[in-house]
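Presented below is the structure to which this report refers.
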Amino acid sequence: MDVEQVRGGPGRWWRHGPPWLRRWAGEEPGPRWPWRSTLLLTVFVLVGSNAAARMQEGERAGLDVFARVLLLVACGLLLWRQRHPVVLVVGTAVAAAFYLGAGYPYGPVFFTVAVACFAAVVAGHRRAAWTALGLLCAVHLLVAYWLYRWLPPSGDRPASFGQEIVVTGWVVAIVAVAELARARREQWARERAERAQAARRRADEERLRIARELHDVLAHSLSVINVQAGVGLALLDSDPGQARTALTTIKSASKEALGEVRQVLDTLRTPGDAPRAPAPGLDRLPELVEQAARAGLTVDVEGEPPRLSPGTDLAAFRIVQEALTNVVRHSGSRHARVLLDREGGTLRLRIDDDGPATGEEAGGSGNGLAGMRERAAALGGTIEAGPRPDGGFRVLAVLPAKTTTGEGQ
C-alpha cells in the first residue's frame, strides 16, 4: 500500500504509466515498463491474426469479440515480463489455450507465449516456463486429436502429422533460443563479477603496496631519527659539536623521508600519471650504508648491484633497507654485512648481523618482516629470516633477477 493511501490521500495512479509520467511526478524510476515494444507486439498480433483468419477462413472459427479480448489479454500481460515473468508465462499460456480451444485461427497468438517463455527462462524461472509450455502443448494435443469433435468449428478434422511437426519445431525453437539467451546472460553476469573481483583485488594489492612503501620509508627514517635524537640528547651538554652532527643527521633523514612519502602520495593523487621521480633501487645502496653509519651501524657490502627490472630493483632495495632498520632497532650489534650474489636468473640478498638481540628479536616484529615476505612473494621469490647458528640474525632473500628488458643476463 502506498504512503498516500495509508495517510488517506490518493494512491499513485501513475505508477503503471509511462516512464515520463513517473519522472514528472518525481518518483525514482524502477524497472522500466516495456510500453513501446508491447504496443508493437500488440499491433503485430492483431494484424497478423486478422490475416491468419482470412487465410484459414472456412477451416477455423472467425475472429469475434471474445477472440480479440483473448488476444489483447495475452499481449497486455507482456507489460509484466520484466517484473512478474512467472505470472506472465502462465497467463499467456492460459489465454492461448482458450484461444486454441475456441477454434480460432492459428497465428501470432502463440508468439506471445514465445515471448513470455523467453522472458521467464532468461529471468531464471525455467521450471515455470517449461510447465506452462508443456500444459499448452498438452491442450493442443487434446484439442487436435480428441476434443475437436465437441469444440468449434463444426466439421473440424484431426490435425495432420505435418502440422504437428511444425508445432514441435516451434516449441523446440523457443526452448533453444531461450536457453541460449539464459546461458549468455549468465556468462555476462559471471564476467561482470570476475571483473569486479579483479578490480577489488587490484585495489587491495595497491593498498598493500602503498602500506609497505610507507612502512619501509617511515620505519627506516624514524629509526635513524630516534637513534640520532638519543645521541644528541646525551651529548648536548658534554659535546655540543657531536650533538649538532646528530641534529644535522635528523634533518637530513626527515627531509629524505618527507620526499619519499610525498612521492608515494603523488601516486595516489594522480594514479594514471607516471611518477615524477624514479623509484629507489640498489644503486642507492651507498646512501643506505651512509644513513646506517649515522645511526652508529657499520655496514660492509659485498658484490655489485646488478641491473634489474624496476619492480625487482625496488623490492631488493626495500628488503635491504628493512633488514638494516631492524638491525639498528633490535640488535645489539653495531656491525652488519650485505651480500649481493647474482647466479643466472636469480638474485640472492643476504643481510647478517652479529647480535645479540635487544628486547625483541633481531629480525624485528610486526609489519616489517611480513612486508619483506610480501614483496618477495609478489615477484615469485622467497624470504628466510631467523637466528644464525653462530649467533646474530640473518635475512636471506632469493628473487628472480629480471633485467630492465625482462630477460636474465
Side-chain angles (χ1 to χ4, degrees), residues 15-20 22-23 27-49 52 71-97 99-100 106-141 163-205:
R15 186 177 298 276
H16 301 294
W20 61 267
R22 285 179 291 143
R23 286 196 298 268
E27 185 177 279
E28 289 294 328
R32 306 183 72 178
W33 293 88
W35 285 93
R36 296 185 181 89
S37 60
T38 301
L39 181 59
L40 291 176
L41 287 173
T42 303
V43 172
F44 168 75
V45 170
L46 292 177
V47 173
S49 297
L71 293 175
L72 289 174
V73 168
C75 294
L77 287 172
L78 295 178
L79 277 174
W80 277 266
R81 62 181 180 269
Q82 295 179 3
R83 296 173 180 251
H84 306 289
V86 175
V87 175
L88 165 68
V89 72
V90 173
T92 53
V94 170
Y99 183 92
L100 183 66
Y106 295 106
V109 64
F110 300 109
F111 189 72
T112 62
V113 182
V115 174
C117 182
F118 180 87
V121 172
V122 170
H125 303 284
R126 303 171 68 191
R127 181 176 299 179
W130 302 151
T131 301
L133 194 59
L135 290 176
L136 181 59
C137 291
V139 170
H140 166 71
L141 292 175
Q163 179 180 331
E164 292 308 306
I165 293 178
V166 173
V167 173
T168 303
W170 176 77
V171 173
V172 171
I174 294 176
V175 171
V177 173
E179 287 292 344
L180 180 62
R182 180 191 60 81
R184 187 58 179 163
R185 184 174 183 177
E186 290 179 354
Q187 181 182 355
W188 287 339
R190 285 194 301 270
E191 290 175 354
R192 286 196 300 269
E194 290 172 359
R195 286 195 296 268
Q197 184 177 5
R200 288 193 298 270
R201 185 169 58 251
R202 288 193 298 268
D204 291 340
E205 291 172 354

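Under the 3.5 Å distance criterion, with hydrogens and angles disregarded, a donor-acceptor pair is assigned to the side chains of Arg184 and Gln187.
Using a cutoff of 4.0 Å between basic side-chain nitrogens and carboxylate oxygens, Arg190 and Glu194 are not scored as salt-bridged.
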Quiz item: Can Leu72 and Leu46 be said to form a side chain to side chain contact (heavy atoms under 4.5 Å, CB included), step by step?
Solution: CA-CA 8 Å; Leu72 289 174; Leu46 292 177; 4.0 Å; yes

Quiz item: Does the pair Val87 and Trp80 meet the rule for a side chain to side chain contact (heavy atoms under 4.5 Å, CB included), with working shown?
Solution: CA-CA 8 Å; Val87 175; Trp80 277 266; over 6 Å; no

Quiz prompt | side chain to side chain contact (heavy atoms under 4.5 Å, CB included) assessment of Phe111 paired with Val115 | solution = CA-CA 6 Å; Phe111 189 72; Val115 174; 3.8 Å; yes

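Formation of a donor-acceptor pair under 3.5 Å by the Arg81 side chain with backbone atoms of Leu78 is found in this model. For Thr112 (side chain) and Val109 (main-chain N/O), a donor-acceptor pair under 3.5 Å exists by modelled atom type. Thr92 contributes a side-chain N or O that, together with a main-chain N or O of Val89, makes up a donor-acceptor pair within less than 3.5 Å.
Considering every non-hydrogen atom in both Ala74 and Ala95, the closest pair reads CB-CB, 4.1 Å. Heavy-atom minimum distance, Cys75 versus Thr42: CB-OG1, 3.3 Å. Between Ala129 and Ala120, the closest heavy-atom pair is CB-CB, 3.9 Å. Heavy atoms only, all atoms of each residue included: Leu136 and Ala93 are closest at CD1-O, 3.8 Å. In this structure, Ala52 and Tyr106 approach most closely via the heavy-atom pair CB-O, 3.3 Å.
Atom CD in Gln197 sits 10.5 Å away from atom CG in Asp204 (nearest 0.5 Å). Put simply, CH2 on Trp33 and CD on Gln82 are 9.5 Å apart, with the number rounded to the nearest 0.5 Å. In this structure, the separation between OG on Ser37 and CZ on Phe44 is 14.0 Å, given to the nearest 0.5 Å. Between Phe110 atom CZ and Ser49 atom OG the span is 9.5 Å, to the nearest 0.5 Å. One distance of note links NE2 of His84 with NE2 of His125; it measures 10.5 Å at 0.5 Å rounding.
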